[in-house]
Amino acid sequence: MAIAVNENTFELQIVSAEGTLFSGPAHALAISGASGELGIRPQHSPLISKIKPGIASFVSDIKKEPSILYISGGMLEVQPDVVTVLADTVLHGEDIDQARAESARQMALENISRHQEGGLSFEQAQLELNKALAQLRAVELVGRLNRH
């Protein structure tokens with residue numbers, strides 16, 4: 001998950017109901033928006049987007065690897081010099097319990113197989129599966145970065 005960066009920065013705020021996860025200058029942000037993947041850099045055009053469950057990464061120090069996050073959903077506001085992520089839940093990739101995420105994945109798969117497609121329970125099970133898969137992907141990416 002390489003993010004192209006340069007010396008320029010924007011102010012990045014990543015907050016959830018639990019508190020502020022990050023507040024400071026960043027060179028780039030990659031995040032899953034409602035309409036697809038978004039790459040945010042300094043002086044980006046203003047936008048507001050829903051965030052879908054997935055992986056986000058940001059670069060706060062160009063001499064270090066990007067920080068990897070799991071975000072369960074929320075909202076993103078982008079202004080040329082300030083980017084705000086309002087997340088339902090956000091976790092650092094290294095803080096995710098892999099066994100618990102795998103258990104959630106298994107449970108979601110079982111729930112999907114028990115419900116008919118198109119029902120509310122089926123859609124909820126799909127959402128839970130997507131969240132579990134995103135958490136497992138965050139763990140995988142952090143593992144790769146730590147091996148380098």
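As the structure is a computational prediction, the values presented were derived from the model and not from experiment. Index from 1, following the sequence. The analysis underlying the following values was restricted to heavy atoms, covering all of them including side chains, and did not include hydrogens, waters or symmetry mates.
The heavy-atom pair separating Ala134 from Gly54 by the smallest distance is CB-CA, 3.6 Å. Shortest non-hydrogen contact noted between Pro53 and Lys131 is CB-CG, 3.9 Å. Annotation for Met75 and Ile48: closest pair CE-CG2, 3.6 Å, computed over non-hydrogen atoms. Across all non-hydrogen atoms, the minimal contact from Ser32 to Ile55 is OG-O, 3.8 Å.
Taken together through direct or relayed side-chain contacts under 4.5 Å among Ile, Leu, Val, Met, Phe, Trp and Tyr, Ile71 and Leu47 form part of one hydrophobic cluster.
Note that CD1 of Ile51 and CD1 of Ile31 are 4.0 Å apart. Values are rounded to the nearest 0.5 Å. Here OG1 of Thr9 is found 11.5 Å from CG of Asp61. Values are rounded to the nearest 0.5 Å. Residue Ile14 holds its CD1 atom at 8.0 Å from OG of Ser67, rounded to the nearest 0.5 Å. Summarising the geometry, atom NE2 belonging to His44 is positioned 9.5 Å from atom CG belonging to Leu29; distances are rounded to the nearest 0.5 Å.
In this structure the side chain of Arg41 never reaches within 4.5 angstrom of the side chain of His27, judged on heavy atoms. Annotation: side chain of His92 is not in contact with side chain of Ile68 (no heavy-atom distance under 4.5 Å).
A search for side-chain contact (heavy atoms from CB on, under 4.5 Å) contacts involving Ser60 returns Phe22, Phe58, not counting sequence neighbours. Every side-chain contact (heavy atoms from CB on, under 4.5 Å) that Thr20 has, sequence neighbours left out, goes to Val15, Ser23.
For Met107, the CE atom is loosely surrounded, since the number of other residues' heavy atoms within 6.0 Å does not exceed 12. With a 6.0 Å radius and a threshold of 12 heavy atoms from other residues, nucleotides or ligands, Glu7 has its CD atom at or below the threshold.
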Side-chain atoms of residues 76-87: list all donor-acceptor pairs with protein atoms under 3.5 Å, sequence neighbours left out, distances to 0.1 Å.
from	atom 1	to	atom 2	distance (Å)
Glu77	OE2	Gln79	NE2	3.4
Asp81	OD1	Gln43	NE2	2.5

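Within the 3.5 Å criterion, the main-chain N or O of Thr89 finds a donor-acceptor partner in the side chain of Ser72.
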